[in-house]
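See structure below.
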Amino acid sequence: MSEANHRISNYENYFNKAAKRTRAPVLRSLQKYMATDLVYLAGGIPNSDTFPIAAAQLRLKDGQTVHIDEADMKVALQYGATRGKLQLREWLTELQRRLHDPPTLPPPGVSPSANSDMITITANGCTEAFSKILGMVLEEGDSLLAEESTYPSVFNVTEPLGCKPAIVKNDADGLIPSDLSNVLCSWNEAASGPRPKLLYCVPNGANPTGANLSLERRKEIYALARKYDLLIIEDDPYHMIQYSRPLLPSLLSMDVDGRVLRCDTVSKIMSAGARLGYVSGPKQFLDRIVDLKEGVSGGGSALVETIMLKVFQNMGHDGYIEHGCRVANFYHQRSQLASRTAEKHLKGLAEWSAPQAGMFLWMKLLGVEDSRHVCQKLIQKGAVVVQGHIFCPASVNSPYIRVSFSYASEADLNKTFSWLAEILKEQSEQ
């Protein structure tokens, strides 16, 4: 099949019944007149003269100061646009161009506003982005393609929808394309329901494994998505925290069809408390997300968007990318510290692979069938890690644990791993 024949021109076949019924609320549709010369008496908009905040300044760690003057603050304290602040979307669109150069993004000569329609801001990081997508595509009885160990919050969304995981094996290099192919080519609709139309993956610093999906596998997965007409949720909060450079090409950078819906966040390298994320993808799909947001939650925080835009503009795109390198080096050093400390206490008691990005060690406890009781004993000693079964939707039991090294001190890592070693040794002696 030619490349042109793969290009998606209409997304109606992917939307579920609820998404097809979604319409933009009339009240919010009138907001387009706010920026015109018309006298606008349609909105329930509070008078900003009643707000106590006038202006603000932010002191950055490099000593610079970012100012939000009274004019910008007046706008920031009002309701925001559902799609997100236009200047912020324009800035992020240029960032996506530099990092990914998506084939479906209009060329630079096209107006900035037309380009920025390929990004929609989300108010709760990547989680809101992938939650909206799942809620628009999946019907009860559908299956979601996902790795056998993956971020569990995705299933907090799919389970209430009445959807099942379709498990694909993974290893130290991420999702295994040959197993994805096996799952799809052997799918039995009579036994398992409709063939999946959506793949969820975390390509960099996969939570919990810390694996980066290899470049060759990315190409194979995208080819399979084309063959089986899949949409891909590329949930990539750790993209900038890859431990090596150059950064691995994203699935978005390969997407000539408009089938990749990429979820990004500022939580990991700028501010977790900002709760600011953004989804990039085909305008037709994002328009439907905006319709859904307008009917349920409206826009995000215009104040947060203004603050982050001012900081981004101060940094510039090159400065943001350089900051990402510094953050990646920071976590790489912490991952090495965690691995050395684990080696000192847990050699012969546990196995793990060095993470390639992110902030987690994914450890297999040797001689343990289910890590839950080990985690409980560890809590009694004074430390908390995450039992592995919650990341593995196909398994009732798991010998794995996830250990975060993002903020723990060397002393705390030593205590935790020594306690864990004591528990494992006691268990082996029983």
Would you give the length of the straight line joining atom CG of Asn170 to atom CG of Leu180, rounded to the nearest 0.5 angstrom? 12.0 Å

Is Glu70 paired with Lys74 through a side-chain N to carboxylate O contact shorter than 4.0 Å? no

Between Met363 and Phe417, is any pair of side-chain heavy atoms under 4.5 Å apart? yes

Between Leu77 and Phe51, what is the shortest heavy-atom contact and its length? O-CE1, 3.4 Å

Got a second to check how far Asp235's CG is from Arg262's CZ, nearest 0.5 Å? 9.0 Å

Determine whether a donor-acceptor pair (N or O, by modelled atom type, separation under 3.5 Å) exists between the side chain of Ser418 and the backbone of Lys415. yes

Side-chain touch Glu90/Leu86, heavy atoms, less than 4.5 angstrom: yes

Ignoring hydrogens and angles, tell me if any N or O in the side chain of Arg226 forms a donor-acceptor pair with the backbone of His6 under 3.5 Å. no

Should the ring pair Phe360 and Tyr238 be called parallel, tilted or perpendicular, given that the plane angle runs from 0 to 90° and is split at 30 and 60? perpendicular

Verdict with supporting geometry, Tyr200 and Val157, side-chain contact (heavy atoms from CB on, under 4.5 Å): CA-CA 12 Å; Tyr200 172 82; Val157 180; over 6 Å; no

Here the pair of heavy atoms bringing Val202 nearest to Glu147 is N-OE2, 4.0 Å

Euclidean distance, His345 NE2 relative to Thr416 OG1, rounded to 0.5 Å: 9.5 Å

Counting only heavy atoms from other residues, nucleotides and ligands, does the tally under 6.0 Å from CD of Glu140 exceed 12? no

Please find the pair of heavy atoms, one from Cys185 and one from Tyr228, that lie closest to each other, and give the distance. CB-OH, 3.3 Å

Measuring from Leu365:CG to Glu351:CD, what's the distance to the nearest 0.5 Å? 10.0 Å

Is there a side-chain contact between Met240 and Leu247 in this structure, where contact means two heavy atoms from C-beta onward sitting under 4.5 Å apart? yes

If we ignore hydrogens and angles and just use 3.5 Å, is the side chain of Asp72 paired with the main-chain N or O of Thr306 as donor and acceptor? no

Tell me if a side-chain donor or acceptor on Ser335 pairs with a main-chain N or O of Met359 at a distance below 3.5 Å. no

Tell me if a side-chain donor or acceptor on Asp179 pairs with a main-chain N or O of Lys169 at a distance below 3.5 Å. yes

Assess whether side chain to side chain donor-acceptor pair (under 3.5 Å) is satisfied between Asn414 and Lys344, documenting all intermediate values. CA-CA 9 Å; Asn414 266 300; Lys344 179 171 68 173; 2.7 Å; yes

Of Leu144, Leu231, Val168, Leu145, which is the lone residue that meets side chain to side chain contact (heavy atoms under 4.5 Å, CB included) with Pro196? Leu145

Once the angle between the rings of Phe391 and Trp362 is folded into 0 to 90°, is it parallel (under 30°), tilted (30 to 60°) or perpendicular (over 60°)? perpendicular

Do Lys377 and Glu426 meet the salt-bridge criterion of a basic N to acidic O distance under 4.0 Å? no

Does NZ in Lys227 sit with more than 12 non-hydrogen atoms of other residues, nucleotides or ligands closer than 6.0 Å? no

Can you check whether His317's main-chain N or O pairs, donor with acceptor, with Trp91's side chain at less than 3.5 Å? no

Kindly say whether Ser178 contributes a backbone atom to a donor-acceptor pair with the side chain of Asn182 at under 3.5 angstrom? yes

Just distance, no hydrogens or angles: give the donor-acceptor pairs under 3.5 Å from side chains in residues 398-411, sequence neighbours left out.
from   : atom 1 : to     : atom 2 : distance (Å)
Ser398 : OG     : Tyr400 : N      : 3.2
Arg402 : NH1    : Asn207 : OD1    : 2.9
Ser404 : OG     : Ser406 : N      : 3.4
Ser404 : OG     : Ser406 : OG     : 3.1
Ser409 : OG     : Asp412 : N      : 3.1
Ser409 : OG     : Asp412 : OD2    : 3.4

Looking at CG of Asp142 and CG of Leu161, how far apart are the two atoms once the value is rounded to the nearest 0.5 Å? 9.5 Å

Only distances under 3.5 Å count here; give the side-chain donor-acceptor pairs of residues 131-139 to other protein atoms, sequence neighbours excluded, each with its distance to 0.1 Å.
from   : atom 1 : to     : atom 2 : distance (Å)
Ser131 : OG     : Thr127 : O      : 2.6
Lys132 : NZ     : Glu128 : OE2    : 3.2
Glu139 : OE2    : Lys17  : N      : 2.6

Note, Cys201 side chain near Leu251 side chain (heavy atom, < 4.5 Å): yes

Salt-bridge test for Glu94 and Arg97: reply yes if a basic N is under 4.0 Å from a carboxylate O, no otherwise. yes

I need the minimum non-hydrogen distance between Arg83 and Ile119, along with the two atoms involved. CG-O, 3.9 Å

Walk me through it: do Asp117 and Arg89 pass the test side-chain contact (heavy atoms from CB on, under 4.5 Å)? CA-CA 8 Å; Asp117 282 348; Arg89 289 188 287 116; 3.6 Å; yes

Output, in order, the C-alpha distance, side-chain angles, deciding distance and verdict of side-chain contact (heavy atoms from CB on, under 4.5 Å) for His100 and His239. CA-CA 11 Å; His100 310 291; His239 181 76; 3.5 Å; yes

How about Val385 and Leu420: do any of their side-chain heavy atoms sit closer than 4.5 Å? no

For the OG atom of Ser353 and the CG atom of Leu361, what is their distance to the nearest 0.5 Å? 10.0 Å

Between the side chain of Ser153 and the main-chain N/O of Asn156, is any donor-acceptor distance below 3.5 Å? no

Could you tell me which non-hydrogen atom of Pro282 sits nearest to which non-hydrogen atom of Val260, and how far apart they are? CD-O, 4.0 Å

Return yes if a side-chain donor-acceptor contact under 3.5 Å exists between Ser280 and Asp264, otherwise no. no

Please check this pair: side chain of Arg218 against backbone of Pro203, looking for a donor-acceptor N/O pair closer than 3.5 Å. yes

For the student: nearest non-hydrogen atoms of Gly358 and Tyr243, plus distance: O-OH, 2.6 Å

Does a side chain donor of either Gln356 or Asn212 reach within less than 3.5 Å of an acceptor in the other side chain? no

Return a table of donor-acceptor pairs under 3.5 angstrom between the side chains of residues 321-332 and protein atoms on other chains or two or more places apart.
from   : atom 1 : to     : atom 2 : distance (Å)
His323 : NE2    : Ile269 : O      : 2.7
Asn329 : ND2    : Cys325 : O      : 3.3

NZ of Lys197: more than 12 outside heavy atoms within 6.0 angstrom? yes

Check for a donor-acceptor pair, side chain of Asp255 on one end and backbone N or O of Arg259 on the other, with a separation under 3.5 Å. yes

